[in-house]
Each structure stands twice: as structure tokens, then as C-alpha cells.
There are 2 protein chains.
Amino acid sequence: MQKAKRLPAIEKIIAEENISSHEMLLKKLKAKGINCTQATLSRDLRQLGAGRVSDGKGGYKYTMPESSNSTLSVSNRLQVLPVVCDIVDAKGLLVIRTLPGNANNAAIYIDNSSRYEIAGTIAGDDTILVIPRDGITNHQVHTCLELILPGLHEKIKGK
Amino acid sequence: MQKAKRLPAIEKIIAEENISSHEMLLKKLKAKGINCTQATLSRDLRQLGAGRVSDGKGGYKYTMPESSNSTLSVSNRLQVLPVVCDIVDAKGLLVIRTLPGNANNAAIYIDNSSRYEIAGTIAGDDTILVIPRDGITNHQVHTCLELILPGLHEKIKGK
DNA sequence: TTGCTTTTTGCATATTTATTCATTTATTTT
DNA sequence: AAAATAAATGAATAAATATGCAAAAAGCAA
């Protein structure tokens, strides 16, 4: 299962370069040692919530949502990760524990991602409650959070 | 030539509704009495700089660039029009005269449109210089300005 | 582990979108 | 106005993207 590596790689590539087709993305991934088919990219791009916008030169390019929003950019979102202590599933919800005073800040990252899977979050001082949308499995939320904060899954209790 | 009516109509439709395919847009236009083919829509959408982004429900929808930027929304951009006095072509450039003190404000509308055809603008107190990109005809710029400020063409000198 | 369920993936194909070419319609030039 | 040039459009088709389905891989429960 290379999806876990592929998704962040795709995200990074389309954020940094002008990708105008699946074909082109396929080659960029191959150059990074990641092989898959166009069909898989189609599914990945949809899952990532990637869009296709004008490249300003009369053509189109793929893009990540809110890529203009610096709080979400690939390069700096890892900053939030060190404050996360652990994650526990509870009653269909997720509880994320952070360093004291950091819950709100971390929750903002999650909210800003505007992921469909997450209905919303409530943050206290050192605890975030993540409320998944109806019909979303815990596992889907984990995958989703891993997208928002790569490396996060290592913090999941019992893993 | 119905392009002049069609483009603003397309813009309005995709700004207000969730359009997920050319086919769907075709029907909406037909309902408004505008008939064309899918091929034409493909060209129109590209010219409008329209994008396709996640609809938040796992699918895609078409969008206008900066549709979140209220200074550009269809509903309020007409406000700038009354301050425009006339437009003159000169040396491959366009000179727009406005009411005193209003040039900068009007120029911001034009800049915000991020149209490919327009390389940039310089605004004084009551005059805007619009600099078209190389290879763009005056006529193309007129069409383009008409898109940004519907009704503008009536102000063009000698028309 | 073993069997059961869910997820991921490729292949083939369907669907959607873009482009080429020919024609018409508009615009500019003389 | 007439001729010449450029722009717009549709039909057919090419190219790009999405999806159904089956197989394989991964995760889960006991």
C-alpha cells in the first residue's frame, strides 16, 4: 500500500509545480520512485480535494485547495505536529491531546483543512475533540488526519 | 455572435450554482435561452479562467477565480462603472478616464480580474493606463474589459 | 495465526473535456 | 461597399479523466 506515501507526494508536487495532466503527474511520481496508474491518480486527486484552475497562460494546472493560505502549506504545517501528544478514539469521536495551551492552535490547522470527513472540532486548553461526519469511519478520519498532519498516525494510541 | 451574452451568463451560473459538467451547464444556459455546444463551453470556460474544484462532497464543481474575493463578485462590480468617463486606444495601450480621484479604485477592479490579456495597469488621479500583453489585439482587450465591467464598451470613444 | 472485512489498485471501458477542421459571422481595411 | 482579415461556432474526433469490476493487499477479530 503506497497510498500513504503517494498522497503527500502528489500534494507536494502539485503545490510546487505546474501540473497540467494526470500523465504529467504520473511521470513526476515515477521520477520519485512512485509507480501507479492514471486511474489511481484520478481517485487520489479527488480524495485530496485537488482542483484544476487557470495557469494564467491560457491553460490549466492542478492545485491544492487554499494553497494560498500559508497556514496550510506543506512547508510549514509540520510545526503543529510536535505539540500533539496522543490520539484516542472514543465513542465515534477522536480525542487529541496536545501540550498545554496548544490545543486551539492545532485545531485551527485541522479546521482550515476543510476536510469533508471532519464535521468540526472543539478545542480546550490541551485537548481537541474531533467530530467526524456521519457515515465516516474512524479509520477514514485517521487517514484524513494523516493527510493534514503527516506523521500523525504514529501518535495514535496503541499503534 | 452570442459570446458577449454567453460569457457573463456562464460566469453567473457557475458562481451561483454547483455545476459539475459541461453538459449540466449546457442545460442551464438553454433554460436561459442561450444555445451552444459543449465545444464552445470548453473554450468559454478556459477563456473565463474558470477552474474546477472540490465541491466538498467528494465531487467537483466549476468555479470562477477569486470568487471568494468580494471586490470581484458579479453583484457589486458594477459600482465601478459609473465613474468611468471614456476609453481611448493609444499606441497599443488603452487609456481610461474616470471621475477625479477614482482612477485607482477602478484600476483595482481591473487588476483583480487577473485577466491574461492585461499585463498590468497604472493609475493616476483620473486616468488609468491599461497595458495589454504582447500578442493581444486591442479588440481582445476590449472584449476582456467588457467581461470585467459589463456595459463598458458603450464608453469606448467613437463607438 | 486464520478467516472475514475493508481498502487499494490495475485493467478495460465509459464518460467527459479539448481540439481540429470547415464554415459562418463579424470586424477591419482600402 | 467590397475585399480581406480575424473571431466565433458546430460537427466530428481526439485526448484526458473517471468508473465498474475483479484481484490483491492490508487491516481486524477472535
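When reading the values below, keep in mind they use all heavy atoms of this one structure, side chains included, and skip hydrogens, waters and symmetry mates. Bear in mind the structure is a predicted one, so any value in this text is a computation, not a measurement.
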Which comes earlier along DNA chain D counting from the 5' end, the contact point of B:Ala39 or that of A:His22, where each point is its nearest nucleotide? B:Ala39
Measure the spacing between CD1 of A:Ile13 and CZ of A:Arg6 and express it to the nearest 0.5 Å. 11.5 Å
Closest-nucleotide ordering on DNA chain D, the 5'-leading residue of B:Cys36 and A:Leu45: B:Cys36
Could you tell me whether the phosphate oxygens of D:dT17, OP1 or OP2, come under 4.0 Å of any side-chain nitrogen or oxygen in A:Tyr62? yes
Would you say A:Arg43 reaches C:dT7's phosphate, i.e. side-chain N/O to OP1/OP2 under 4.0 Å? no
Rounded to whole Å, how long is the line connecting atom CG of B:Leu41 with atom P of C:dT19? 14 Å
May I ask you to evaluate whether A:Ser42 reaches the phosphate of D:dT17, defined as a side-chain N or O under 4.0 Å from OP1 or OP2? no
Take a 6.0 Å sphere around NZ of B:Lys32 and say whether it holds more than 12 heavy atoms from other residues, nucleotides or ligands. yes
Which residue, B:Glu23 or A:Gln2, contacts DNA chain C at a nucleotide closer to its 5' end, judged by nearest heavy atom? A:Gln2
Looking at the side chain of B:Lys3, which of C:dA18, D:dA18, D:dA8 is the nearest nucleotide? D:dA8
Would you say B:Arg52 places a side-chain N or O within less than 4.0 Å of OP1 or OP2 belonging to C:dA18? no
Ignoring hydrogens and angles, are the base of D:dA16 and the side chain of A:Gln38 linked by a donor-acceptor pair under 3.5 Å? no
Looking only at side-chain N and O atoms, does A:Thr40 come under 4.0 Å of OP1 or OP2 in C:dG10? yes
As an exercise, state the distance from OH of B:Tyr60 to CG of B:Asp55, rounded to the nearest 0.5 Å. 9.5 Å
Once you round to the nearest 0.5 Å, how far does CG of A:Leu25 lie from CD1 of A:Ile19? 5.5 Å
When rounded to whole Å, the CG to C1' distance for the pair B:Leu26 and C:dT15 reads 15 Å
